[in-house]
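Below is one structure; the comments refer to it alone.
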Amino acid sequence: METVLNFINGKLVESQGEKVWPIFNPATGKQIRQVRMSTEAEVLEAVEVAQKAFPEWAATSPLRRARVLFKFKELLQRDWDSLARLITEEHGKVYSDSCGELTRGLEVVEFACGIPHLLKGEFSEQAGRGIDIHSTMQPLGVCVGITPFNFPAMVPMWMFPIALACGNTFILKPAKTDPSLSIRLAELLKEAGLPDGVFNVVHGDRHDNEILLREPRVKAISFVGSTTAAEYVHKVGSEYGKRVQALGAAKNHGLVMPDVDINATADALLGAAFGAAGERCMALPIAVTIDDETADKLVAALKPKVEALRYGPGIPKESEKEMDFGPLITQQHLNNVTKYIDKGVEEGATLVVDGRNKKPAGYEEGFFIGGTLFDHVTEDMVIYKEEIFGPVLGIVRAKNFEDAMRLINDHQFGNGAAIFTNSGAAAREFSYRVQAGMVGVNIPIPVPMAFHCFGGWKGSAFGALNVYGPDGVRFYTKMKTVTTRWPEQNIDSQAAFSMPTL
Ligand code: NAD
């Protein structure tokens with residue numbers, strides 16, 4: 001069985017760890033590889049080499065650092081097809097979706113290529129008589145990224161391109177269910193000219209993460225995963241003196257106003273709820289209406305569309321059209337999603353379309369589940385309160401606009417929210433008042449572009465700064481402000497004991 005290796009100091013190295021995790025092709029349900037959890041000594045070795053590589057990389061001019069990333073961008077484009085296939089093989093998402101995730105990662109690389117401009121700092125001439133002030137943004141040192149299974153390329157690329165461009169060194173700890181892509185990224189960075197030790201990958205589980213959270217040489221942690229883990233990582237990392245940005249779970253709401261084109265809105269909800277089998281933190285698993293007539297029309301429009309969803313392997317046979325979505329990541333996750341649907345039925349929601357126990361022909365062992373649609377979901381139900389992370393869409397019937405705003409804002413998560421309407425006033429009111437970090441107006445998945453920032457509110461994110469964009473540059477640098485005077489020689493000088501004022 002092929003073992004996925006660590007990448008430390010520019011070399012592929014086999015871990016000596018005893019714990020082994022199986023990697024499946026979720027479409028066939030067959031094990032294809034395995035990965036070893038790293039030993040403490042291996043994690044510490046990665047920290048050691050990243051620490052050693054830091055001074056030289058930090059002193060490399062931003063322009064030269066950007067050129068390495070520019071070359072990396074070219075190599076990503078050269079190997080596009082094989083990278084996308086690898087994502088599909090281990091994660092299960094359909095090929096075009098793997099390309100979409102790669103594109104979103106590539107855009108952050110492109111943003112990071114502009115780092116000489118982004119690191120220019122500020123300058124005040126004559127802040128006092130003969131005194132100038134300038135600020136610079138200097139790198140932090142060794143930074144760590146701990147990432148989830150659902151975006152094996154994009155989420156790491158939210159982090160390391162900016163961290164490296166700013167002059168930091170980096171250790172990536174990817175999810176253990178689909179870890180191979182991280183090694184391909186490390187190899188491409190090396191081929192692009194990144195010096196050894198600047199980017200390292202260690203595989204592992206919580207035990208390995210604990211070492212990184214407490215290790216004094218690690219200066220910053222970027223985390224993306226479940227909320228329980230994000231909250232924990234933020235707490236412990238902060239206690240150990242690190243900068244931490246920790247993004248957690250989500251339950252995004254789409255408010256459907258009575259004035260919309262129902263068919264077009266149903267299509268928008270369909271892609272956002274069922275794309276990637278619902279395994280997206282910016283998926284839209286809850287649609288809220290404010291009157292029964294709109295709800296009835298929406299359910300009538302959605303029912304045949306959900307029944308007609310096509311799911312199967314992420315790479316179609318040559319003559320076939322691509323599927324709408326692929327399998328879930330593991331059998332265990334499939335069991336969890338199935339239990340949530342059971343729970344929804346038990347709680348009294350109306351099951352309009354049932355996706356349970358349906359497998360595409362020839363893929364009976366794969367971790368598949370069909371699209372599920374619930375109507376009459378209410379606030380007290382577990383299927384409303386918790387993140388399901390599967391292809392399940394629920395309709396909540398609010399009493400009116402105020403009631404809809406209240407329930408959306410009362411929800412524990414606030415990653416994204418969207419409104420579907422033709423009314424500028426309703427859209428403006430919604431955008432202003434909604435308690436979520438990313439808002440869409442007639443945009444079902446409002447993931448900001450690389451030159452803006454990504455981050456949720458409430459239980460969806462912990463830490464002051466968002467990921468990528470200008471916040472990414474702030475997160476991966478510390479500011480230094482220099483106040484300068486060049487006095488003429490032989491002037492009369494006097495000691496001053498009061499607070500200097502200009
Ligand atoms: P997960 O929390 O199980 O694992 C994510 C990472 O966290 C892994 O690398 C894992 O090793 C590590 N981890 C898990 N528990 C930990 C702990 N107690 N201490 C330290 N590290 C720990 O999440 P997952 O199942 O891989 O990913 C799915 C979750 O990620 C969903 O909840 C989804 O909403 C969330 N997610 C959020 C965003 C966002 O931007 N907010 C983006 C993608 C995914």
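Remember, it's 1-based here, ligands and their atoms both numbered in the order they're listed. In this text the structure is predicted, and so the values were computed from the model without any measurement.
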When you pair each N or O of ligand 1 with protein N or O atoms, which pairs come out under 3.5 Å?
unit_1   : atom_1 : unit_2 : atom_2 : d
ligand 1 : 2 (O)  : S226   : N      : 2.9
ligand 1 : 2 (O)  : S226   : OG     : 2.8
ligand 1 : 9 (O)  : T147   : O      : 2.9
ligand 1 : 9 (O)  : K173   : NZ     : 2.9
ligand 1 : 11 (O) : K173   : NZ     : 2.9
ligand 1 : 11 (O) : N209   : ND2    : 3.2
ligand 1 : 15 (N) : R206   : NE     : 3.2
ligand 1 : 21 (N) : N209   : ND2    : 2.7
ligand 1 : 26 (O) : F149   : N      : 3.1
ligand 1 : 30 (O) : G225   : O      : 3.3
ligand 1 : 32 (O) : E387   : OE1    : 2.6
ligand 1 : 34 (O) : E387   : OE2    : 2.6
ligand 1 : 41 (N) : G248   : O      : 2.8

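Take K385 and apply the side-chain hydrogen bond (donor to acceptor under 3.5 Å, both in side chains) test, not counting sequence neighbours, and it matches no residue. With sequence neighbours excluded, the residues forming a side-chain hydrogen bond (donor to acceptor under 3.5 Å, both in side chains) with D471 are R474, listed by chain and number. In this structure, K359 has no salt bridge (charged side-chain N to carboxylate O under 4.0 Å, His left out) partners at least two apart in sequence or on a different chain.
Aromatic ring centres of Y468 and F111 lie farther apart than the 6.0 Å criterion allows. Ring centers of H411 and Y384: under 6.0 Å apart, within the cut-off.
Between R310 and E322 there is no salt bridge, since no side-chain N of the basic residue sits under 4.0 Å from a carboxylate O of the acidic one.
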